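Structure, as structure tokens:
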Amino acid sequence: MIVVNLDVMMAKRKMTLSQLSEKVDVTLANLSILKNNKAKAVRFSTLEAICAALDCQPGDILEFVPDREPGQ
């Protein structure tokens, strides 16, 4: 599973969702979906804009968490 750590990077940069929305020209609703791990996909252009606005790498925002085996 891919976990989106957008809220962590925003906190580190002291940036609100509204500020990020203005900088990357993505709606608050779409950024909220991404931030809350509800997104099914993200465009590379959006990821690029977010990384530029937050001065970070894609790996700072996206994290792969392996699914647990049953019983673990």
Side-chain angles (χ1 to χ4, degrees):
M1 152 164 128
I2 302 294
V3 175
V4 180
N5 295 314
L6 184 57
D7 53 344
V8 174
M9 284 308 301
M10 289 170 45
K12 285 182 180 179
R13 302 297 189 252
K14 295 181 171 69
M15 189 176 294
T16 66
L17 200 60
S18 297
Q19 291 169 325
L20 183 60
S21 174
E22 288 178 20
K23 286 187 173 217
V24 299
D25 197 29
V26 174
T27 65
L28 277 171
N30 285 337
L31 281 178
S32 182
I33 288 168
L34 187 60
K35 185 180 99 142
N36 293 315
N37 284 301
K38 303 285 187 201
K40 301 284 184 200
V42 62
R43 292 177 189 234
F44 280 164
S45 59
T46 301
L47 185 58
E48 184 179 338
I50 291 170
C51 287
L54 294 174
D55 189 30
C56 67
Q57 293 294 313
D60 296 327
I61 298 171
L62 303 175
E63 176 185 4
F64 173 70
V65 178
D67 289 336
R68 292 183 176 209
E69 295 289 325
Q72 285 186 339

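Here the structure is a predicted model, which is why all the values come from computation and not from measurement.
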Hey, does Glu22 have a side-chain heavy atom less than 4.5 Å from the side chain of Gln19? no
If you take all heavy atoms of Met10 and Leu17, which pair is closest and at what distance? CE-N, 3.3 Å
Just do the side-chain contact (heavy atoms from CB on, under 4.5 Å) check on Val4 and Leu62 with the steps written out, would you? CA-CA 5 Å; Val4 180; Leu62 303 175; 3.9 Å; yes
Considering all heavy atoms, the nearest Leu31-Leu6 contact: O-CD2, 4.2 Å
Closest non-hydrogen atoms of Ile61 and Cys51, given as atom of the first, atom of the second and distance, are CD1-SG, 4.0 Å
Under 4.5 Å between side-chain heavy atoms, hopping through other hydrophobics if needed: is there a path connecting Val65 to Leu34? no
Arg13 to Leu54 - nearest heavy-atom pair and separation: NE-O, 2.5 Å
Check residues 38-48 and write down every donor-acceptor pair under 3.5 Å in which the side-chain atom is one partner and the other belongs to a residue at least two apart or another chain.
none

Give a yes or no on whether Ile33 and Leu20 share a hydrophobic cluster (residues Ile, Leu, Val, Met, Phe, Trp, Tyr; joining criterion: side-chain heavy atoms under 4.5 Å apart). no
What are the two closest heavy atoms between Ser21 and Leu28, and how far apart are they? OG-N, 3.6 Å
Supply the atom-to-atom distance Asp7 CG to Lys12 NZ, rounded to the nearest 0.5 angstrom. 11.0 Å
Could you give the distance from CD1 (Ile50) to CE (Met9), rounded to the nearest 0.5 Å? 11.5 Å
